[in-house]
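Before I ask anything, here is the structure I am working with.
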There are 2 protein chains.
Amino acid sequence: MTAFHLAPQLAADTVPVGDLALCRVLLMDDARFPWAILVPRRAGLTELHQLEPADGLLVWQETLRCGAVLAGFGSKINTGALGNMVRQLHLHVVARVEGDAAWPGPVWGSGPRQPYPAAVAAARVAQLAAGLGLAR
Amino acid sequence: MTAFHLAPQLAADTVPVGDLALCRVLLMDDARFPWAILVPRRAGLTELHQLEPADGLLVWQETLRCGAVLAGFGSKINTGALGNMVRQLHLHVVARVEGDAAWPGPVWGSGPRQPYPAAVAAARVAQLAAGLGLAR
């Protein structure tokens, strides 16, 4: 069994929030959007339908949980699993606000990310971790 | 209890494929991408986390089933629930091919759809329905 390693591009673009039962939760380091990424800690997966059924249920539940927490940061949740650029299976959960930098289009492909000031990233990570019940 | 009605914009942009246990399955009438839309037949929902748990499980299973079928039409599945333009809860499942009209960006916001010739749409609907085990 191959060990799970986070894809380098995901590591480079995000700040870690913590680990839920199955997924690693990351904050996308883009101050334009409250944006979490969930990465199932399983090696070698690229598609949702490749998940074992029990893992799939966890991914679903953890995605919903993340969406419910992020709903406090916007008026519409966008959820997506694309993987056209980074093949490692991961899900995006993004809080959208009317008039935000990509509205009403998708956040993916909406231009270069704008990193948070470090203190703001830390505060947002703490908010997400608290909402998800992750001890830190 | 309010009855389910398909949002007019979704009806206008798609061709019906059939009904799974919970979701209505539609083919996006865009010849650029093999693209299904699943609409849970429940009134008044806009977010995935608003689904009753049993309904959520069905939506997840039906989305995966659709992804597994569409995997035969491309090399990468993109799954998304956005709803920035059409608020009625719906999920996109799209088969992507490297070099397609939006690659590697998302299909959402990739320009006007290019309707299928009617016979091609009918053939694609038949393929999807057969893959999903929908009697027609």
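Naming: A, B, ... by sequence-line order, numbering from 1 per chain.
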Atom pair CG/CZ of Asn84(A) and Arg96(B) - distance to nearest 0.5 Å: 5.0 Å
In one Ile/Leu/Val/Met/Phe/Trp/Tyr side-chain cluster, 4.5 Å: Val17(B), Ile37(B): no
Least distance between heavy atoms, Leu51(A) atom then Trp60(B) atom: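 Residues Leu51(A) and Trp60(B), closest heavy atoms: CD1-CZ2, 4.2 Å.
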Interchain contact, Val59(A) with chain B, by part (heavy-atom threshold 4.5 Å):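 For Val59(A), side-chain heavy atoms alone lie under 4.5 Å from chain B.
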Under 3.5 Å donor-acceptor, Lys76(A) side chain and Met85(B) backbone: no
Heavy-atom pairs under 4.5 Å with chain A, option from Cys66(B), Pro104(B), Gly80(B), Gly109(B) with the top count: Pro104(B)
Interchain contact, Glu98(A) with chain B, by part (heavy-atom threshold 4.5 Å): side chain
Cluster check Leu45(A), Leu91(A): I/L/V/M/F/W/Y, side chain < 4.5 angstrom: yes
Nearest-0.5 Å distance that lies between atom CG in Leu64(B) and atom CD in Gln50(A):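 So the gap between those two atoms works out to 11.0 Å.
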Within one Ile-Leu-Val-Met-Phe-Trp-Tyr cluster: Val125(B) and Phe73(B), side-chain cutoff 4.5 Å: yes
Ala71(A) versus chain B, the contacting section by heavy-atom distance below 4.5 Å: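 Side chain of Ala71(A) only, per the 4.5 Å heavy-atom cut-off to chain B.
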Spatial distance of atom OG1 (Thr63(B)) from atom CG (Leu48(A)) [nearest 0.5 Å]: 9.0 Å
Smallest separation among heavy atoms of His49(A) and Ile77(B), with atom names: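 Closest approach of His49(A) to Ile77(B): CE1-CG1, 4.1 Å.
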Joint hydrophobic cluster, Val86(B) plus Trp35(B), side-chain heavy atoms closer than 4.5 Å: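 They do share one cluster, since a chain of ILVMFWY contacts under 4.5 Å joins Val86(B) to Trp35(B).
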Which of Gly105(B), Ser75(B), Ala102(B), Gly67(B) touches chain A most, by non-hydrogen pairs under 4.5 Å: Gly67(B)
Hphob cluster co-occupancy, Leu128(B) + Phe33(B), side-chain heavy atoms under 4.5 angstrom: no
